Enquirer: 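Just passing along the structure, written as structure tokens.
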Amino acid sequence: MPIQVESFYTEAYFDTLLVNGVFYSGAVGPNAIIPSTDIIWFSDTDWSRVGWRLCADFPPASALPTPVPSSADAPPAPVPATPAPMHMWAAVSGECSLNGTCVESPNFPQNYGVDQTCILEINFELAGPIHVESFNTETYFDYLLVNDVKYFGTNGPHGITPSSSVFWCSDTHVAQSGWRLCADALTFSPSETPNFWSRVSGPCTAYSGCVRSPNYPLIYGEDHLCTIELAAPSVTISVTSFHSENYADWILIDGVEYSGFDGISGTMDVSSTIVWSADHSIQKTGWEICRAAGCQSGPIFYCEFSVVICDGVTEIPGSSFQSCENLSQVHIPHSVTSIGNSAFANCISLKHVDISNSSVVAIGHSAFRSCTSLVDLDMPDSVTYVGPFAFYQCSSLRSVNISLSATSIGESSFSGCTSLSEVNVPGSVTYVGPWAFYSCSALRRVHSWLPYQCHR
């Protein structure tokens, strides 16, 4: 039966696994290979790596067919594979544990130990709000760090969507019962898989629709190998940056090696696994390869420099583009009626949102919170609701034309917009929440016809 490679990383070329006369090394393992002879492992006397783990599926005894006398044994009918559940916990390192779609502190529900650390790596393709099922740590000293915020005591990160790895730390004193955090499991058929890259092996990293050399944009390391498998037979990629040692450090795309400073750029179609190799001498800043620009239809959205939402999409779900630091502009089509909570929160490079031709009715809580580069915004006349903190601390926002249909402007919706100098508030607005324009120090002109229910 075929080998299933769960992990494979050896010293390239020197520490090898021999399967059917073929040597496998680096990050390329014998996945799906059916061995016909004994498998042999070699390692030399120099560099060592984390090694490999190979598995084989054996059906349980109860699942084995009962032999039926027959003149000829017919092969069993193939059973389609059940799509695997997917969730946002990509990897757990340290003494914490992964239990289904949940992660738990060490020894949960018993007391965790002292002087412990864990890192919970996030699959950003599937990141969503954390469900806190239990949370009890020593106040101030034993904490969970989520999006640079410390959570301790009985105050856990419920409802928070992580935008970076989650970190756990306990000190050397009092221990408590700890925590259990869960994520919603998503099940996809092969044709629906949200990952642009189906598998990235080795020290390269994948983030949303992009994959990067180790440590990018800093100097990559020495003596390593990565393989990047595609999620479709053919994809179009965009090379946003590339700088490697000439000839010695190269990336292999459809059988062609590219290296140097300008060896590869722009967009190109790819139909085979991408391989990256670096030797043990000179290192450069490396590379980043992303999904080529095109309209996105969801339900999983990718971080790109420029995003076009496909016509026909009706909702941009909560946290869809949260903390996409390189996103500069986005086009929202006529079909979209709702922008979810924190959909574009912390997109610090977002300058332009083309929303004027959309049919958006509601702009959710913190939808554009801390988009510090956003300069202006023309709401479509369809908008009736601007949620609390919707444009909170959009410090470059200079002018806003609020929809002629708007009825509610939520609490602190424009608070901290220190560059905002002019606002047009139509007579349809019946409610302006507390602190809606608090700390708008440059505000000089407000055109408004507010009949009642206004609050400072």
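Nothing here was measured: the structure is a model prediction, and the numbers come from that model. The figures that follow rest on heavy atoms only: side chains count, while hydrogens, waters and symmetry mates do not.
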Enquirer: Rounded to the nearest 0.5 Å, what separates atom CD1 in Ile402 from atom CE in Met379?
Expert: 5.0 Å
Enquirer: Looking at every heavy atom in both Pro35 and Val19, which two are closest together, and how far apart are they?
Expert: CB-CG1, 4.3 Å
Enquirer: Evaluate the side-chain proximity of Leu230 to Val270: yes if any heavy-atom separation is below 4.5 Å, no if none is.
Expert: yes
Enquirer: Would you compute the distance between atom NE2 of His352 and atom OG of Ser328 and round it to the nearest 0.5 angstrom?
Expert: 9.5 Å
Enquirer: Strictly distance-based, threshold 3.5 Å: is any side-chain N or O of Asp376 a donor or acceptor partner for the main-chain N or O of Val400?
Expert: no
Enquirer: Report the residues that fulfil side-chain hydrogen bond (donor to acceptor under 3.5 Å, both in side chains) with Ser97, sequence neighbours left out, ordered by chain and then residue number.
Expert: none
Enquirer: Hey, could you give me the OG1/CG distance between Thr227 and Asn31, rounded to the nearest 0.5 Å?
Expert: 10.0 Å
Enquirer: Do the ring centers of His173 and Phe141 come within less than 6.0 Å of each other?
Expert: no
Enquirer: Given the rule in the side chain to side chain contact (heavy atoms under 4.5 Å, CB included) test, do Val239 and Trp287 qualify, once you have shown the distances and angles that lead to the verdict?
Expert: CA-CA 8 Å; Val239 181; Trp287 47 267; 5.7 Å; no
Enquirer: Before giving the answer on side chain to side chain contact (heavy atoms under 4.5 Å, CB included), spell out for Val336 and Ile309 the whole-Å C-alpha distance, their side-chain angles and the decisive distance to 0.1 Å.
Expert: CA-CA 9 Å; Val336 172; Ile309 306 298; 4.3 Å; yes
Enquirer: Mind checking whether Phe344 and Phe321 have parallel, tilted or perpendicular rings, split at 30° and 60°?
Expert: parallel
Enquirer: Does the Ser396 side chain pair with the main chain of Thr372, one donor and one acceptor, at a distance under 3.5 Å?
Expert: yes
Enquirer: Can you list the steps and then say if Cys102 with Cys182 is a disulfide bond (SG atoms under 2.5 Å apart)?
Expert: CA-CA 4 Å; Cys102 300; Cys182 296; 1.9 Å; yes
Enquirer: Any side-chain heavy-atom pair from Ile253 and Ile237 closer than 4.5 angstrom?
Expert: yes
Enquirer: Under the 3.5 angstrom rule, does the side chain of His158 hit a backbone N or O of Val132 as a donor-acceptor pair?
Expert: yes
Enquirer: Rounded to the nearest 0.5 Å, what separates atom OG1 in Thr139 from atom OH in Tyr143?
Expert: 14.5 Å
Enquirer: Taking Gly153's backbone N and O only, do any of them form a donor-acceptor pair with Thr137's side chain (distance below 3.5 Å, no angle check)?
Expert: yes
Enquirer: Counting neighbours of OH on Tyr438 that are heavy atoms of other residues, nucleotides or ligands and sit closer than 6.0 Å, is the number greater than 12?
Expert: no
Enquirer: Quick check: does any side chain N or O of Ser358 sit under 3.5 Å from a backbone N or O of Pro333, one acting as donor and the other as acceptor?
Expert: no
Enquirer: Taking all non-hydrogen atoms of both residues, which atom of Ala183 and which atom of Trp89 are closest, and how far apart?
Expert: CB-NE1, 3.6 Å
Enquirer: Side chains of residues 111-121: which donor-acceptor partners sit under 3.5 Å, not counting sequence neighbours?
Expert:
from   : atom 1 : to     : atom 2 : distance (Å)
Asn111 : OD1    : Ser177 : N      : 3.4
Asn111 : ND2    : Ala175 : O      : 3.4
Tyr112 : OH     : Glu138 : N      : 3.2
Tyr112 : OH     : Asp142 : OD2    : 2.6
Tyr112 : OH     : Gln176 : N      : 3.4
Gln116 : OE1    : Gly113 : N      : 3.0
Gln116 : NE2    : Glu95  : OE2    : 3.3

Enquirer: Say whether, by atom type as modelled, one donor and one acceptor occur between the side chain of Ser335 and the main chain of Gly312 under 3.5 angstrom.
Expert: yes
Enquirer: Please report the closest heavy-atom contact between Thr161 and Gln322, naming both atoms and the distance.
Expert: CB-OE1, 3.8 Å
Enquirer: According to the interplanar angle, ranging from 0 to 90°, do the rings of Phe391 and Phe368 count as parallel (below 30°), tilted (30 to 60°) or perpendicular (above 60°)?
Expert: parallel
Enquirer: From Ile282 CD1 over to Ser244 OG, what is the distance, rounded to the nearest 0.5 angstrom?
Expert: 11.0 Å
Enquirer: For the cysteine pair Cys417/Cys440, does the gap between the two SG atoms stay under 2.5 Å?
Expert: no
Enquirer: Has Ser259 got a side-chain atom pairing as donor or acceptor with Tyr247's backbone, closer than 3.5 angstrom?
Expert: yes
Enquirer: Check whether any side-chain N or O of Ser373 sits under 3.5 Å from a backbone N or O of Ile348 as a donor-acceptor pair, and report yes or no.
Expert: yes
Enquirer: Run the side chain to side chain contact (heavy atoms under 4.5 Å, CB included) test against Pro203 and tell me which residues pass, sequence neighbours left out.
Expert: Tyr9, Pro214, His224, Cys226
Enquirer: Considering non-hydrogen atoms only, spot the tightest contact between Phe414 and Ile409 and give its length.
Expert: CE1-CG2, 4.1 Å
Enquirer: Please check this pair: side chain of Ser419 against backbone of Ser395, looking for a donor-acceptor N/O pair closer than 3.5 Å.
Expert: yes
Enquirer: Quick one: does Ser370's side chain get under 4.5 Å of Asn346's, heavy atoms only?
Expert: yes
Enquirer: What is the minimum heavy-atom distance between Asn147 and Ser163, and which atoms define it?
Expert: OD1-N, 2.7 Å
Enquirer: What is the distance from atom CD1 of Ile228 to atom OG of Ser272, rounded to the nearest 0.5 Å?
Expert: 11.0 Å
Enquirer: Taking only residues two or more places apart in sequence, or in another chain, which ones meet Tyr220 in a side-chain hydrogen bond (donor to acceptor under 3.5 Å, both in side chains)?
Expert: Asp249
Enquirer: Please list, chain by chain and in numerical order, all residues satisfying side-chain hydrogen bond (donor to acceptor under 3.5 Å, both in side chains) with Ser366, sequence neighbours excluded.
Expert: none
Enquirer: Using salt bridge (Lys or Arg N to Asp or Glu O under 4.0 Å), reason through Arg212 and Glu288 one step at a time and then give a plain yes or no.
Expert: CA-CA 4 Å; Arg212 299 165 175 172; Glu288 179 181 62; 2.7 Å; yes
Enquirer: Might you work through the side chain to side chain contact (heavy atoms under 4.5 Å, CB included) test for Ile355 and Leu377, ending with a clear yes or no?
Expert: CA-CA 8 Å; Ile355 193 178; Leu377 186 83; 4.0 Å; yes
Enquirer: With side chains defined as the heavy atoms from C-beta onward, is the minimum distance between Val330 and Asp354 less than 4.5 Å?
Expert: no
Enquirer: On a heavy-atom basis, which atom in Ile363 and which in Ala390 lie closest, and how many Å separate them?
Expert: CG2-CB, 4.2 Å
Enquirer: Are side-chain heavy atoms of Cys96 and Trp179 found at a separation under 4.5 Å?
Expert: yes
Enquirer: Decide yes or no for Ile332 and Val353: does some side-chain heavy atom of the first lie under 4.5 Å from some side-chain heavy atom of the second?
Expert: yes
Enquirer: For a 4.5 angstrom cut-off between non-hydrogen side-chain atoms, does Ile39 reach Ile3?
Expert: yes
Enquirer: Go through Leu17 and Ile40 one step at a time and tell me if the side chain to side chain contact (heavy atoms under 4.5 Å, CB included) criterion holds.
Expert: CA-CA 6 Å; Leu17 196 70; Ile40 302 175; over 6 Å; no
Enquirer: What residue pairs, at least two apart or across chains, pass salt bridge (Lys or Arg N to Asp or Glu O under 4.0 Å) with a residue in residues 102-114?
Expert: Glu104-Arg180
Enquirer: Using a 4.5 Å cut-off on heavy atoms from C-beta on, say whether the side chain of Val361 contacts that of Val383.
Expert: no
